[in-house]
Amino acid sequence: MSEQLGTLEELPQDYRDAMSKAGVAPLWPMMRNVLPHDAPNPVTRPGHWAFKDLRPLLIRAGELTPVEKAERRVLVLSDPGRGTGAMQATSSIYTGMQLLLPGETAPAHRHTPSAARIIVEGKGGYTVVEGEKLPMEEGDLVLTPGGEWHDHGHDGDEPVIWLDALDLPLFVYLEGSYAEEAELQAQRNRPDSSQVEYLAAGLAPSRKKNAIKKRYPMMRFPWSRTEAALRQLAKYGDDAIAEVDFVNPETGDYVLPTMGFTAMMFASGQSETPPLRSSSAVYHVVKGSGETTIDCTKITWGPKDTFSAHVFSKITHKANEEAFLVRVHDKPLQEKLGYYEERQR
Ligand code: GTQ
């Protein structure tokens, strides 16, 4: 196994010129860039976006830019490894903090990437997905799967803020990202399916022969249930932190094709050192505070903060008080591609 491969410089200039003219390049000088030994070489660096810094900027965006001129009033969380303006927090995950003011609406559109929202602040906001009105309460996970029409509205009287997570970078990379626009949707006059068809875990509407199965049967996961589930697991589980995956209630699969969502609960003072994972992740703090070390970067996080971790990073979390986080990750994508991996430390 050769460590040192041949360089471009050691090739004669006339040969290099002839290759350029023919539209080809030698692989060997570039080989290790794309196939490094043993583990990937990520560009992504750990990011930390404190809510106390983002909130005033968002509120100011509300004064400076009417929603009509923004379509979506969002501040994008840029990966420090790629620099400000990067439309991604990790290689595959885009995250942005969105503001909607009382009475505002964000028009309907549908796009190829899938999105999910974690509600950060405020009451009265909602998203309509294919006619289903999904109320947004703090900590709720609300899905807007790829290809489904969605618009946002706000019936309350304080600003509503949520974190968007999209698999947009993948679709941009694939040259598959685009959107269609439309008018606001008519809303069906009934509660969302988390309040009707999937009110309780383990129960689903009776399966009828030849019934058309919805690919995304449940698009809102109320935080109150997530927190209750975590608390029971923490109480009766082992010493590890309590974690629950958000799953499709009909199939048990991940809720979206490429992005996974895992809620985590730490008791006060509890720490966790997960295995090195091939997945990248963005963590959103629903409640609580603590510290996370990602390779050599120490992040001190508080309520509503967001931070990110690159692939195969060495992570240690420690909560200073009881804490709840939601981890957005690309494990579903990597499992579909057949390379998801965990390495013990
Ligand atoms: O709310 O539909 O942060 O389409 C980026 C793209 C939010 C949205 C984003 C979007 C949306």
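All ligand and atom numbering here is 1-based and tracks the order in the structure. The basis for the numbers below is simple: all heavy atoms, side chains too, and nothing from hydrogens, waters or symmetry mates.
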Among all the protein's non-hydrogen atoms, which is closest to [atom], and how far away is it?
atom: atom 6 (C) of ligand 1; answer: Leu166 CD2, 4.0 Å
atom: atom 7 (C) of ligand 1; answer: Asp164 OD2, 3.2 Å
atom: atom 8 (C) of ligand 1; answer: Arg72 NE, 3.0 Å
atom: atom 5 (C) of ligand 1; answer: Tyr94 OH, 3.5 Å

Could you tell me which atoms of ligand 1, counted from 1 in the order shown, lie closer than 4.0 angstrom to a heavy atom of [X]?
X: His152; answer: 1 (O), 2 (O), 8 (C)
X: His109; answer: 2 (O), 4 (O), 8 (C)
X: His150; answer: 2 (O)
X: Val74; answer: 3 (O)

### Message
Ring centroids only, cut at 6.0 angstrom: are Tyr283 and His317 within range, meaning strictly under it?
### Response
yes

With no hydrogens and no angle check, just 3.5 Å: does a side-chain donor-acceptor pair link [X] and [Y]?
X: Gln88; Y: Tyr94; value: no
X: Arg72; Y: His109; value: yes
X: Glu243; Y: Thr262; value: no

Pairing of Asp192 and Lys133 as salt bridge, 4.0 angstrom limit
no

Name every donor-acceptor pair, under 3.5 Å, that has one atom in a side chain of residues 42-49 and the other anywhere in the protein, sequence neighbours excluded.
unit_1, atom_1, unit_2, atom_2, d
Thr44, OG1, Arg82, NH1, 3.0
His48, NE2, Asp305, OD2, 3.0

>> Tell me whether Glu181 at atom CD has more than 12 heavy atoms from other residues, nucleotides or ligands lying less than 6.0 Å away.
In response: yes

- prompt: Non-hydrogen atoms of Glu71 versus ligand 1: any pair closer than 4.0 Å?
  reply: no

